[in-house]
Structures are given as structure tokens and as C-alpha cells.
Amino acid sequence: MAEARMNRRGETRSLLQRWGGTMEDIRRLERERDALRQWAEDARCTLRGRSLDGLPRGGRAHDLGDVVEAAIQRSKMYAEQSLRIDGEIAERLRLRNEVEGLVRRLPPVQERVIVLRYADRHPWRSIALRLNYDEGHVRRIETQAVDWIGARMEKGESA
């Protein structure tokens with residue numbers, strides 16, 4: 001029983017860590033997606049330029065069809081990767097909303113500790129000083145909140 005509770009606490013804390021870093025992850029993924037979309041557009045522009053001017057090109061590709069095919073494949077690959085990233089962003093937003101709904105249901109002090117620890121990433125000492133509590137008491141508050149969130153997640157509850 002105690003081992004199962006400890007495992008659930010560890011899983012819940014990992015979930016809260018991911019929740020806290022969600023917006024950073026989303027910003028990183030959006031930058032990656034935007035770069036891929038730009039690369040896809042560049043490949044399409046290359047395709048238009050190569051297919052319209054009809055001038056011979058140097059390099060190993062003596063046939064214009066090879067160049068056009070390579071540009072098409074690059075454009076498709078970048079577009080597919082961009083769609084994959086859109087799915088990852090949607091999944092992270094779903095996680096954020098689900099966990100945030102549970103965090104909002106916590107008592108105010110527990111909510112504050114969870115936000116300071118996992119979203120703002122403050123160390124225990126800083127949280128204790130901000131809330132004017134002993135560090136051990138802040139850790140107990142966090143454990144109570146983690147247990148409550150873990151139990152709700154196990155039951156399939158969210159906001």
C-alpha cells in the first residue's frame with residue numbers, strides 16, 4: 001500500500017514537472033514548427049523557380065525532373081513534420097489544461113505551493129520564505145497536494 005502511494009506520488013510529481021514546463025515546450029515546438037514551414041515554403045519556391053525557368057542546372061542532376069522531385073519530397077517531409085509538431089502542441093495543451101484544472105481545485109495554500117514549485121520552479125527554501133512557513137511544512141503541504149492530485153488523476157478526474 002505504501003509502495004503504491006509512493007509510486008503514485010512519483011508519477012504525479014513527474015506529471016507536475018511536465019505541466020510546469022509546458023509553456024516553454026510549446027514555445028520551443030512553435031519555433032521548430034515555424035522553421036519547418038519556412039523550409040517547406042523555401043522548397044516550394046525552389047520547385048517553382050526550377051520548373052519555370054527551364055535553364056540547365058549543374059551538379060549530378062542532369063534531368064530537371066530529379067531536382068523537381070527532390071524539392072517536392074523535401075516540401076512534403078517538412079509539412080509532415082510540421083503536422084506532427086501540431087499534434088505534440090495539442091497534446092501538451094491538453095495536459096496543461098487537465099492538470100491546471102486540478103491545481104485550481106486545491107486549497108489556496110496548496111495551489112500556491114504547487115504553482116511556485118512546479119510552474120515557477122522555485123526551490124523549497126524560496127517557497128518557505130515567500131509563504132512565511134517552515135521548509136518542512138511547505139514540503140508537507142506539497143505532499144498533501146500531490147496525493148490529492150494523484151488520487152484525482154487515478155480516478156480519471158480533471159477540471
Output for pair (E30 CD, E88 CD), nearest 0.5 Å, gives 12.5 Å
Exercise for review: Applying side-chain contact (heavy atoms from CB on, under 4.5 Å), run through L29 and R92 and close with a yes or a no.
Suggested key: CA-CA 10 Å; L29 286 168; R92 284 186 170 79; 3.3 Å; yes
Between the CD atom in E24 and the CZ atom in R27, the distance rounded to the nearest 0.5 Å is 6.0 Å
Counting C-beta onward and ignoring hydrogens, is there a side-chain heavy-atom pair between E98 and M153 closer than 4.5 Å? yes
Margin query: Please determine whether a side-chain nitrogen of the Lys or Arg among R94 and E91 lies less than 4.0 Å from a carboxylate oxygen of the Asp or Glu.
Written below: yes
- Query: Under the side-chain contact (heavy atoms from CB on, under 4.5 Å) criterion, do R84 and R33 qualify, and how do the steps go?
  - Reply: CA-CA 9 Å; R84 179 190 52 79; R33 181 195 59 204; over 6 Å; no
Separation between CG (N132) and CD1 (I127), nearest 0.5 Å, reads 14.0 Å
CG (L36) and CZ (R31) are apart, to the nearest 0.5 Å, by 13.0 Å
**Prompt:** Using 4.0 Å as the upper bound for N to carboxylate O, is an ion pair formed by E32 and R28?
**Reply:** yes
Rounded to the nearest 0.5 Å, the CZ atom of R112 sits from the CD1 atom of I141 at a distance of 12.5 Å
Value for OG1 (T12) from CD (E154), rounded to nearest 0.5 Å, stands at 8.5 Å
Nearest heavy-atom contact between R152 and L102 is CB-CD2, 3.7 Å
Smallest heavy-atom separation, S126 atom then H122 atom, equals OG-ND1, 3.4 Å
* Basic-acidic side-chain contact under 4.0 Å: D86, R37 -> yes
* Begin from the C-alpha positions of M23 and R96 and carry the test side-chain contact (heavy atoms from CB on, under 4.5 Å) through to its verdict. => CA-CA 9 Å; M23 293 314 293; R96 182 168 179 82; 3.6 Å; yes
Subject >> Sidechain-backbone polar pair: D134 side chain, G136 backbone, donor-acceptor under 3.5 Å >> reply: yes
- request: Under the side-chain contact (heavy atoms from CB on, under 4.5 Å) rule, what do E100 and W19 come out as? Steps first, then yes or no, please.
  value: CA-CA 8 Å; E100 199 154 316; W19 166 74; 3.6 Å; yes
Assigning hydrophobic clusters by single linkage (Ile, Leu, Val, Met, Phe, Trp, Tyr; side-chain heavy-atom cutoff under 4.5 Å), is I149 placed with L95? yes
Does the pair R13/E142 count as a salt bridge with the N-to-O cut at 4.0 Å? yes
So, are E135 and R139 salt-bridged, with charged N and O less than 4.0 Å apart? yes
Would you say Y118 and V113 are hydrophobically clustered, going by side-chain heavy atoms of ILVMFWY under 4.5 Å? no
task: Could you tell me whether a side-chain N or O of S14 sits under 3.5 Å from a main-chain N or O of G10, the two making a donor and an acceptor?
output: yes
With a 4.5 Å cut-off on side-chain heavy-atom distances among I, L, V, M, F, W and Y, is there a chain of contacts connecting L15 to V146? yes
Should I114 and L131 be regarded as members of a common hydrophobic cluster, given that ILVMFWY residues are connected when their side-chain heavy atoms come within less than 4.5 Å of each other, either directly or indirectly? no
Taking every heavy atom of A79 against every heavy atom of A40, the minimum-distance pair comes out as N-CB, 4.4 Å
### Task
Determine, using the 4.5 Å side-chain heavy-atom cutoff (strictly less than), whether L106 and W124 are members of one ILVMFWY cluster.
no
